[in-house]
Amino acid sequence: MGTCGVAAGADKVYKAFERAIADKGIADKVHLGETGCIGMCFREALVEIREDDGGSVLYGDVDAERAIEILEKHVIGGNPIAEWIVKGAGFQCPDDELFTHQERIVLRNCGVIDPESLDEYIASGGYIALEKALKEMSPDDVISEMEKSGLRGRGGGGFPTGFKWKLTKNQKSDKKYIICNADEGDPGAFMDRSTLEGDPHAVLEGMAICAYAIGADEGYIYCRAEYPKAVKRLKKSIKEAVERGFLGKNIFGTGFSLELHVKEGAGAFVCGEETALIGSIEGKRGMPTIRPPYPSESGLWGKPTNNNNVETYANVPWIIRNGAGEYAKHGTEKSKGTKVFALAGKIVRGGLIEVPMGMTIREVIFDVGGGIPGGKRPKAVQIGGPSGGCIPESLWDTPIDYDSITSTGAIMGSGGLVVMDETTCMVDVARFFLEFTQRESCGKCTFCRVGTKRMLEMLEKICNGEGEDGDIEKLEDLSHKIIETSLCGLGQTAPNPVLTTIKYFREEYEAHVFDKKCPAGVCKALIHYEIEPEPCIGCTLCAKKCPVNAISGERKAVHVIDQEKCTKCGVCINVCPVNAVKVV
Amino acid sequence: MAEVKLTINGKTVSAPCGSTILEAARMAGIDNIPTLCHDERLKPYGSCFVCVVEQEGRKNLLPSCATPVYDGMVIHTDSPKVREARKAALELLLSNHYADCIAPCQLKCPSNVDVQGYIALIAAGEHREAVKLIKDDNPFVATCGRVCTRPCEDECRRNIFDDRVSIDFLKRFASDKNETGDDVYHSRAGKDTDKKVAVVGAGPAGLTCAYYLAEHGHKVEVFEAMEKAGGMLRYGIPTYRLPDDVLDAEIEKITELGVKISYNKALGKDFSLQDLKRDYDSVFVGIGTQENRPMGIEGEDTIEGFIGGVRFLERCQKDCGMRLQGKVVVIGGGNTAIDCARTSLRLGADEVTLVYRRARKQMPALDIEVDEAEKEGVNFHLLATPVRAIADDNGRLKALECIEMTLGEPDASGRRRPVPKEGSEFIVECDWAIAAIGQIMDEECIAGEPDECRPELNRWRTFDADMDTGATNIEGIFAGGDDVTGAATAIEAIAAGKKAAYAMHHYMMEGEIKAIPGEFISKKDIWGKPPEEEFSQFEKSDRRHLQELPVEERLKSFVEVETGMTDEDAMAEVTRCLECGCASVFTCELKRLSTEYAIDVERYLGGLAKFDPDDSHPFIRLDQNKCILCGRCVRICSDEVVGRNAYGFVNRGFVAAIRPELEKPLIETDCESCGMCVSACPTGAIEFKAFTPKPGPWTLDWTDSVCGFCSIGCELEIGKIGDSLVEIGIPEDGYACFRGRFGSGFIQSGDRIRTATVDSAEVEIDKAIEAVATEIGHYDASKIAVLVSPRLPLEDIAMAKKLAECIGTELVGSITHTTQLDYDGMEVSTGDFFDLAVSDAVFLIDGAVETTHPVAGFRINKAHFDGAKLIAMGPNESKFDRTADLRIRNKRGTYSALLGALSGDFDKTKAAEMAGIEEVEIAKIEKILETADNPIIVYAAEDTPVASFGDRALIAKIAKRYDAKVILLSGESNALGLRGILGKSEKLGKAIMNGEIEAVISFGEDPEGFSAGALGKIIAVADFLPTKTTETAQIVLPLAAFGEMEGTIVNMFGEMKSMDPAFEPPNGLQNQELMAKICSALGFGGTDFDIAFELPENKAEYAIDQKWFEVNPPRMAVPGDSLARYVAKLKRENKIAH
């Protein structure tokens, strides 16, 4: 069970099964286990029934009551409940589409094995790659294999992984470190969390292979403390791996040793930046320092250090086991392999997916994600989190690879994909992301600390209908200055959401500034609600639900909103059965 | 060292590998890269982004302070893109900088008089300096102290929660004190420039212009139409407000600069502008507005008894016997009207009524003037105006017909326009009507000028001159004062004269008319008036006023009404000043750059992160409102240098801030008060509290000196104003500790010995010296010891030796620097702080160096931070407990055993046992020293050679064994110099041991404190503070102290450092002069002996032990310790190959 499943009630379902299995006295015939997140978040809680013959079906939207019914009818009675099945051979389930376009390398075990069982990991081919690397390959062989695979850093930068390892390997030092960046901080992103919760050993194995390649004997997994389940599983997994000789001293009897620690971060977004992350592990304030020197020369405690993120490491065992050539078959010429995305926002099938590089945005959104719900018009997708940008629907045929995404003004980032439709105000989106980055700026550099604050104030002004002629240009100008004069990635990319929204949705900004209108009907200062007399049936629902008693009207008569009192909370819109409330 | 080649601004430059762009540029002499967060003493950081430069082929700008150079880089340090980015960085910083560079009072003053500065000088008792400071902007101190309209006081921040400071009264107070003091301030004419200036009109504008031009060295001639100078100050202001003698004295201070005033010379009659333009290099016209503005009512011009206000005041100024009888009506609401009314009373009028068309609130006259007039009995008829003058049969004024007014809509000036009430006419009987409703310029006087010499007039019929320079459309002719602005105030005229003088000076010298350069000024007011809560820390207090004559006294004469301020009131009043302006205004780098880059502070104006200043610390004040988060304080106080970590960062984003650790008040942190944070702060966020009662700030006189508290001899700068010590500073990127920075305040303490005493009775210094000579005669000369402190400079020690010769004794030296033993111990450091900076292992002997030699502690921290291993040995708790790689807490008194073990002279097991440590620790020390390439030993274990000679001998051996440099530290500033001049003082040592000394003369030593009674009779002691010895000595002489001494010291690195005196020593005697006088009294050296004393060029000539200086030649001092900078310096001096 991943955090998302638990949030949807998976633990109650699990307990219901447990109790029912005991009540029915079938504990010896049925194995109840848990897995990590399979990615179908919009149908949590999910329950998979696996037959001995390997067949399986996946039930969605399971609660405690349904659990008992599934147990009785399907497990005991042998009659699957077709209407609840979301995936299963021979069953009609449109949501199945979520999986049909995916290619799962990183998520190969997520939702499949019990993440807390080392045996299950081993059974799925775990630690074979490490043994192969240690016993059959030299560190240079490993690096060369990585270079051949074409894997690029999945944390956002896209730096070639093999080359990065080589830089650290080539440093002469009595001590080297390896770091796994698990400080996933983008709002809406949960790729790393799901991977750590669903397949922690894959990350550990990838780190061990890397440590061997670069000559490190100690490492840290810097994981945000807001991921308690991931932290717990990591710690447990490390302990078990040490006990079994996959980590710790003299691994596989080869003399190679690796000590891994889990360092819990306190939730500063900027600690995802590698120099800040290193500072934080050292016990300092998480604040980026100037590069060079790069961590590969002088990283943790001044020693050469390799730092990759969770997804990058999780790829490694697969590559070593299956070979670089096999890996390179996935993806495009310059962006090999697959990419994990957290699909969220205005989309039918939100969840965690892994697709080959080169798939277009449109394919991801429509084929995998099932498109926009409610028949709304698609508008844009925000990719790359607060450092990324908004790509308009007109550019959705862009293939997802590092270079194509960058050419739109966004960045690949770590894998957040937030889909927006016509009801999303792009100025408000820019404001939202900037509010995040300005709050998360460490405060070191002038432009990032004060500049993002001033940008946020300008955006707030525009959203409040107080924008003036010249403000948009001022925003653009300040954006460029911040990009050009910040020490770390946070500042250098913070203006991206603003610049891309201005680039693709300038008319929406202009509507706010000049016409004092929010075309998407979001910015409260620029809109008001009205009840159209025609459709209103006088059901009184809106009047009853209005928290400030701003709506009046007799039963069966047209209702009216008192604009003085209205706080534009939107409750009336949501409750009106006949869509009579309009944003004007 | 490998070099890289790069191009900066088109110039090929080479720099050592590893240098930053900033260092490379500076080494190449390219000094136009500004920075706020960079500090030579600290590792590159890169946060302010003011130092950005552009690299060809890169989109992003680079922080030059933190970006290393590489071969082939092409850098531009001053491109438009770079300048724009720097400007924006500064604008962003200032958009969150809630602070005033300069107090609102000064900003409001038309002539920008430094109000806060002179109030602080008054608080320090520096009245002459206060007057001098005011005269930088306003030559009429005494005058303005009486008649100024005080726009400054309107702006006083105290108005927000209390009552304004009596600024103008204080100005008058300073002026009065200066005038009655011993040393009245007179400014000086500048060096003759050979330029001639004509000034037309000896009013405030013209005379001010003349004053500043004369200060610039120009020859100035003033042409005045009246028979006396002063203009409106004389003829427009009654003497009960501004007595003639005060004005005369002030004008005399202008004429004594060489300004010539020709009287009874009127423009248009006696000379023309055309003449002046021809005969002078430039001309200033300050003719003012001398004509009354006509009322435009019937009878005004024809009826006798109807007179203009200006004419009236002028007439009574000229005619001392003038009397006035009957009823007087004064028309108008300005200061002139009030002056006319009050003057009329004094001239004997039976009844005076002031008629004004608006309400009292709208009267332009000063409130205080109106109050005084009312007190003196002037009647007010407000909201009325005359419409007709009525004459009697003789054509003499009989009455005025007036009409009532009401206030209508506000006019352009914002005042409500008075509207006549129809049918409300009334008659006021009167014998005199004085109309003071305004003044106009006399255009007639220039009517005859040819076009090319007649400056253009504007629509108000005054000169159309530039307000910042006074320049008119006619080249070489400038104008200012009322004849440009229309009738205004004295201070506005003075300001105009000052501005014009600046412009004229540049015009004449450079051919270019320049305005006084504007500076960037940060103002709290751009966020609106500060709220009252902001002042909650201040107590409310009553405002003090001037003493005044009682009303009945006043009306009898024109004697000055206000008689000045008492000392007590003035002192109470100065403490009311809130010191709104920033104490760092003269040094603030942020301000300087903001001016240079001409920033627009409003461009990014937005929300503020506000803080309450932290005033908890006795020496340091924090105001985070001024902080730009450069982190220099955090870094310098961290283990990188100071090692106290008193500051840290808190919060993220815009509200990120630097706070004392754990957000406590600074005083509650581990702060050791070294002031390094102050030296690092590029703004006024961390400031010293001045030694003076108020911080000023002022432009200080700086004198270079050397710290006398230990043998490192840190360079200090003594900052003073007048006779007051304000601040002890350090050179840029220098080092100093709490003692150097704050400990020297004693020199102005009340405890100082300033006069000589014989048998506890104060006597003249010469009498005391004679007494010393007499007393010496009572003893066997060879048994008299001359003691001299190793804190005194070489010159003093040499003279002490001379004195001993004169007395006829060989017993001379310092009690703590004698020995009976011959030994091989090292005496001079073989390494210095540069060696320390580049060392890779530091062996510190006595870990308590942080208290005995804090600066050495900082340097050790820095070396350690840069990667050197640190061994800290010593019994006392210290900073190094936490940071040292190897911390050895040996028992007290066991250094020799451990050093012996390390030198191979002593058994390790025994040594470890004695020291109370594990034997393996000794091996660890050896391991670190063995594996280091550049080890250095820092020895600070004992203060005196007597106690530590053995250690030093062992250290010499250890140093040899590991090829280590050695730094030896002593507690006294000139221990080596003393050694160099007096040798080992074996004879003195033996005499002390054997109790052979009968009597003592001591300079700065405390033999009684050392061992009471041991050295026989104390004939005389010279010292700067009381000691046990001064308590018992028969004769006590004052000694010149730090800041007063002149001379040279030799620090423990063998570097000679000289001290200049900042202050006059007691009795005006340097210590060597005092000693020389004693020699003279003993009959040596003749009468010229004391003044014939001269310092030989080669200081080593003092040494008996010439060889000592030969073996230990003075070394070059290493400035800062940036490696790249040091290498560059060596290169410049051709000490290493390029």
Side-chain angles (χ1 to χ4, degrees), chain A residues 266-271 275-276 279 284-294 297-298 301-302 434-461 470 474-475 477-478 480-488 490-492 494, chain B residues 18 20 36-37 43-54 58-63 65-68 70 81-82 84-97 603-609 627-631 634 638 648-658 866-867:
Chain A
F269 177 65
V270 76
C271 286
T275 59
K284 295 179 192 148
R285 176 179 166 90
M287 205 150 77
T289 57
I290 194 119
R291 297 178 302 186
Y294 289 92
E297 300 160 54
S298 171
W301 318 112
L434 211 64
E435 190 174 17
F436 178 83
T437 36
Q438 106 58 38
R439 203 174 49 231
E440 291 295 337
S441 160
C442 76
K444 180 176 177 178
C445 303
T446 304
F447 281 91
C448 177
R449 181 184 72 244
V450 192
T452 56
K453 167 77 172 173
R454 298 299 175 232
M455 281 180 70
L456 174 63
E457 286 169 347
M458 286 181 222
L459 287 167
E460 283 169 343
K461 212 176 109 186
K474 207 168 161 183
L475 268 175
D477 179 59
L478 190 50
H480 290 300
K481 288 199 171 98
I482 293 169
I483 290 170
E484 283 162 12
T485 52
S486 289
L487 201 63
C488 81
L490 190 150
Q492 285 164 5
Chain B
T20 61
L36 292 169
C37 72
K43 278 211 183 314
Y45 185 64
S47 76
C48 72
F49 282 79
V50 167
C51 74
V52 287
V53 294
E54 193 174 355
R58 263 184 99 129
K59 189 170 165 278
N60 283 7
L61 297 169
L62 303 172
C65 70
T67 311
Y70 59 80
K81 185 176 174 185
V82 163
E84 172 56 26
R86 287 180 190 156
K87 182 166 178 272
L90 292 164
E91 282 164 345
L92 287 170
L93 289 173
L94 267 306
S95 76
N96 185 29
H97 188 81
R603 182 148 74 139
Y604 297 120
L605 209 57
L608 268 176
C627 175
I628 58 160
L629 274 95
C630 68
V634 178
S638 74
F649 290 96
V650 296
N651 303 333
R652 286 203 296 267
F654 182 71
V655 290
I658 288 168
D866 286 343

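Please read these numbers as outputs of a predicted model, since none were measured by experiment.
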(message) Is it the case that the side chain of A/T446 and the backbone of B/C48 share a donor-acceptor pair, with hydrogens and angles ignored and the cut-off at 3.5 Å?
(response) yes
(request) Check whether A/Q438 gets within reach of chain B through its side chain, its backbone, both or neither, counting any heavy atom under 4.5 Å. (result) both
(message) Please classify the contact between B/V634 and chain A as side chain, backbone, both or neither, with a heavy-atom cut-off of under 4.5 Å.
(response) neither
(request) Please say which of B/L93, B/V655, B/L92, B/N96 ends up in a side chain to side chain contact (heavy atoms under 4.5 Å, CB included) with A/R449. (result) B/L93
(message) Does any backbone or side-chain atom of A/T485 lie under 4.5 Å from a heavy atom of chain B? Answer side chain, backbone, both or neither.
(response) both
(message) I'd like to know which of A/P288, A/S486, A/G286 tops the heavy-atom pair count under 4.5 Å against chain B.
(response) A/S486
(request) Quick one: list whatever passes ring pair (Phe, Tyr, Trp, His ring centres under 6.0 Å) with A/F269, sequence neighbours left out. (result) A/F436
(request) Using the test side-chain hydrogen bond (donor to acceptor under 3.5 Å, both in side chains), find all partners of A/K481 that sit at least two apart in sequence or belong to another chain. (result) A/D477, B/E84
(request) May I have the step-by-step check of side-chain contact (heavy atoms from CB on, under 4.5 Å) for A/T452 and B/F654, ending in yes or no? (result) CA-CA 8 Å; A/T452 56; B/F654 182 71; over 6 Å; no
(message) Here's a test for you: under side chain to side chain contact (heavy atoms under 4.5 Å, CB included), which of A/M287, A/R439, A/E440 qualifies with B/R652?
(response) A/E440
(message) Surrounding NZ of A/K284 (heavy atoms of other residues, nucleotides or ligands, distance under 6.0 Å), is the total greater than 12?
(response) no
(message) Whether the B/S95 and A/R454 side chains hold a donor-acceptor pair (N or O, under 3.5 Å, no angle test) is what I'd like checked.
(response) yes
(message) Under 4.5 Å from any heavy atom of chain B, what part of A/I483 do you find: side chain, backbone, both or neither?
(response) both
(request) Please check if the side chain of A/K474 supplies one atom and the backbone of B/R603 the other of a donor-acceptor pair under 3.5 Å. (result) yes
